[in-house]
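Take a look at the structure below.
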Number of protein chains: 2
Amino acid sequence: MVRRRSSSRCDDGLVVPDATVGRLAVYLRALSALGEQGRATTSSEELAAAAGVNPAKLRKDLSYLGTYGTRGVGYDVAVLTDEIARVLGLTTHRAVALIGIGNLGHALADYAGFATRGFHIAALFDAAPVRIGTTVAGLVVRDVRDLGAVVLSERVSIGVIATPADAAQGVCDALVSAGVTSILNFAPVVLAVPSGVDVRKVDLSIELQILSFHEQRKAAGASLEAIG
Amino acid sequence: MVRRRSSSRCDDGLVVPDATVGRLAVYLRALSALGEQGRATTSSEELAAAAGVNPAKLRKDLSYLGTYGTRGVGYDVAVLTDEIARVLGLTTHRAVALIGIGNLGHALADYAGFATRGFHIAALFDAAPVRIGTTVAGLVVRDVRDLGAVVLSERVSIGVIATPADAAQGVCDALVSAGVTSILNFAPVVLAVPSGVDVRKVDLSIELQILSFHEQRKAAGASLEAIG
DNA sequence: AGATGTGAATAGTTTCACAGCA
DNA sequence: TGCTGTGAAACTATTCACATCT
């Protein structure tokens with residue numbers, strides 16, 4: 001992941017720390033759930049519990065956006081939902097290109113969460129002749145060699161790479177050449193990109209290894225207790 | 001994700017910060033690649049470049065494990081690989097249970113990265129009668145109602161939840177009841193777990209929303225430049 | 001000479017505790 | 001009164017710069 005600063009000045013001149021941006025999306029989901037339940041207002045305590053954070057952190061996070069609560073009362077669910085969606089840039093519609101239609105790519109193409117809130121998958125790509133031309137999630141899989149042209153014609157603003165590791169850098173370079181500056185990478189490689197391009201990485205085996213570390217620590221603690 | 005402390009005392013009494021643990025897995029992958037290329041030694045500069053971090057950070061991270069480099073020379077690739085694998089607990093074999101064999105679960109079951117380095121998928125579960133009994137990635141999908149019994153018989157130490165959001169908490173509770181203390185959650189919900197249970201969360205739509213935020217910021221910056 | 005290992009400085013994040021306002 | 005908003009304090013992480021060792 002590329003990160004040169006740990007906070008970002010957004011549209012309105014607001015400065016929002018990175019750690020906060022990551023949690024805003026979580027708050028947004030919790031707010032949507034409250035809204036669906038018919039709740040009109042909520043408190044920092046309730047919303048924080050739903051998001052799995054401490055209430056003080058929630059209030060601090062929201063304070064970076066401005067003043068949207070009412071002291072003694074709480075937050076208006078609809079107002080806060082709209083404000084967070086706006087700050088996250090979800091009021092602008094964004095076209096996503098998904099490259100690599102193997103098992104994972106297939107799952108991502110079908111994943112409902114992708115289609116919600118301001119995103120839509122505009123095109124699917126693969127390099128394998130056997131996949132090109134097939135229909136997945138209602139879209140025809142295109143030849144990855146057409147990536148540049150389609151990115152321009154469909155105004156793709158985010159690229160999602162779900163290719164094998166050895167193809168990822170080539171795809172990334174093609175995306176960057178076509179002007180894409182936001183990439184979500186599922187391939188287990190560190191992508192090299194010019195400055196100004198944001199890469200976020202999701203790596204399943206790394207998540208497992210982190211769990212393994214903690215699991216081992218817990219086992220060691222249990223042994224020590226048994227001995228002592 | 002549950003985190004009560006931001007660093008963890010491991011097996012040897014070493015204290016390793018959380019941020020470092022997450023990067024050790026990245027270094028391990030870079031080291032494996034160097035090893036496959038036949039490199040016997042490397043430097044903090046080379047390894048840091050391969051891992052996408054700054055060399056000082058790499059050296060600081062490795063310093064938490066002990067002294068494994070040689071001043072003026074660098075690091076022995078094989079020695080450092082083994083040491084990181086040991087600290088991450090990858091020398092112990094861990095059984096993983098995967099619950100929810102929809103598109104994503106199917107992709108995860110087939111994902112090679114899951115099977116490497118100390119992990120193996122011991123069992124697959126689903127709640128849908130149409131899926132129970134089918135074979136996926138060489139394993140028969142079992143009824144999620146048998147989860148508790150199988151976790152015990154197969155000595156499952158990590159649970160991976162790839163169910164729809166509304167099923168996730170129930171599955172989580174069943175895992176915890178059966179004694180599982182490490183969970184990787186792909187469902188878009190915040191799981192409630194007792195203390196002592198680690199949950200890590202992978203959320204695709206949150207990653208997209210973070211990219212959206214930065215994309216918007218870049219667009220705003222470009223507009224300001226055009227005006228100014 | 002050359003690269004590691006690390007104390008010190010800097011930067012970023014979380015939590016506390018309470019002032020301030022409805 | 002009750003809950004938000006926020007300075008200040010505490011904690012964590014990153015980076016620098018150089019002493020240290022081969």
Side-chain angles (χ1 to χ4, degrees), chain A residues 1-9 14-24 26-27 31 34 39-77 79-80 83-84 87 210, chain B residues 1-9 14-27 31 34 39-77 79-80 83-84 87 210 214:
Chain A
M1 177 182 18
V2 174
R3 187 71 8 102
R4 279 159 304 284
R5 280 178 295 282
S6 74
S7 60
S8 299
R9 185 173 300 275
L14 298 174
V15 173
V16 185
D18 269 359
T20 294
V21 173
R23 285 187 298 262
L24 288 177
V26 179
Y27 303 155
L31 281 165
L34 286 170
R39 300 290 308 277
T41 63
T42 187
S43 65
S44 64
E45 193 168 336
E46 181 181 55
L47 188 53
V53 304
N54 150 333
K57 191 192 284 187
L58 174 89
R59 293 199 301 274
K60 187 64 129 184
D61 283 341
L62 296 182
S63 78
Y64 295 116
L65 312 187
T67 298
Y68 291 92
T70 307
R71 291 173 202 237
V73 179
Y75 302 92
D76 182 288
V77 170
V79 168
L80 193 53
E83 173 58 16
I84 294 178
V87 168
I210 294 170
Chain B
M1 176 179 26
V2 174
R3 187 73 6 103
R4 279 158 304 284
R5 281 177 294 282
S6 74
S7 60
S8 299
R9 185 173 299 275
L14 300 175
V15 173
V16 185
D18 268 0
T20 294
V21 173
R23 287 187 297 262
L24 288 177
V26 179
Y27 303 156
L31 281 165
L34 286 171
R39 302 293 306 277
T41 63
T42 187
S43 64
S44 64
E45 193 169 333
E46 181 181 55
L47 187 53
V53 302
N54 149 334
K57 190 191 284 187
L58 174 88
R59 293 199 301 275
K60 187 66 128 182
D61 283 340
L62 296 183
S63 77
Y64 295 117
L65 312 188
T67 298
Y68 291 92
T70 307
R71 290 173 203 239
V73 178
Y75 301 92
D76 181 288
V77 171
V79 167
L80 192 55
E83 173 57 16
I84 294 177
V87 168
I210 294 170
H214 288 106

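Everything quoted here is computed from the prediction, not taken from an experiment. By convention in this document, chain letters (A, B, ...) are assigned in the order of the sequence lines, proteins followed by strands, and residues within each chain are numbered from 1.
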Can you check the Asp18(A) CG to dT14(C) P distance for me, whole Å?
-> 11 Å
Residue pair Ala56(B)/Arg59(A) against DNA chain C: nearer the 5' end by closest nucleotide is Ala56(B)
Separation of dT4(C) C1' from Leu47(B) CG (nearest whole Å) | 13 Å
Minimum-distance nucleotide to Lys60(B) side chain [options: dG7(C), dT14(C), dT4(C)] | dG7(C)
Using only side-chain N and O atoms of Arg23(A), determine if any of them is under 4.0 Å from OP1 or OP2 of dT14(C).
-> yes
Whole angstrom value for the distance that separates C1' of dA22(C) from OH of Tyr68(A) | 19 Å
Which is true for Thr67(A) with a 4.0 Å heavy-atom rule: it touches a base, it touches only sugar-phosphate, or it touches nothing?
-> sugar-phosphate
For dA11(C), take OP1 and OP2 only and decide whether either is under 4.0 Å from a side-chain N or O of Ser6(A).
-> no
Spacing of Asp61(A) atom CG relative to dT6(D) atom C1', expressed in whole Å = 13 Å
Asp61(B) and Thr20(B) have their tightest heavy-atom pair at OD1-OG1, 2.6 Å
Any donor-acceptor pair under 3.5 Å joining the side chain of Arg71(B) to the base of dT20(D)?
-> yes
Quick one: which of dT14(C), dA13(D), dC16(D) gets closest to the side chain of Asn54(B)?
-> dC16(D)
Is any side-chain heavy atom of Arg59(B) less than 4.5 Å from a side-chain heavy atom of Ser63(B)?
-> no
Interatomic spacing from CG in Leu62(B) to CD1 in Ile84(B) - rounded to 0.5 Å = 5.5 Å
Give the C-alpha distance, both sets of side-chain angles, the deciding distance and a yes or no for side-chain contact (heavy atoms from CB on, under 4.5 Å) between Tyr27(B) and Val53(B).
-> CA-CA 10 Å; Tyr27(B) 303 156; Val53(B) 302; 3.8 Å; yes
Think Thr70(A) has a side-chain N or O under 4.0 angstrom from the OP1 or OP2 of dA22(C)?
-> no
Between CG of Leu65(A) and P of dG5(D) the distance, given in whole Å, is 10 Å
Under 4.0 Å between a side-chain N/O of Ser63(B) and OP1 or OP2 of dG5(C), yes or no?
-> no
Rounded to the nearest angstrom, tell me the gap between atom CD in Glu45(B) and atom C1' in dC16(D).
-> 15 Å
At under 4.0 Å, does any side-chain N or O of Tyr75(B) touch on OP1 or OP2 of dG5(C)?
-> yes
Of Gly69(B) and Thr20(A), the one whose nearest nucleotide on DNA chain C sits closer to the 5' end is Gly69(B)
Closer than 4.0 Å, any side-chain N/O of Ser43(A) to the OP1 or OP2 of dG2(D)?
-> no
Whole Å only: how far is the CG atom of Leu62(B) from the P atom of dT14(D)?
-> 14 Å
d(Asp18(A) CG, His214(B) NE2) to nearest 0.5 Å is 4.5 Å
Interatomic distance where OH belongs to Tyr64(A) and P belongs to dT4(D) [whole Å] = 17 Å
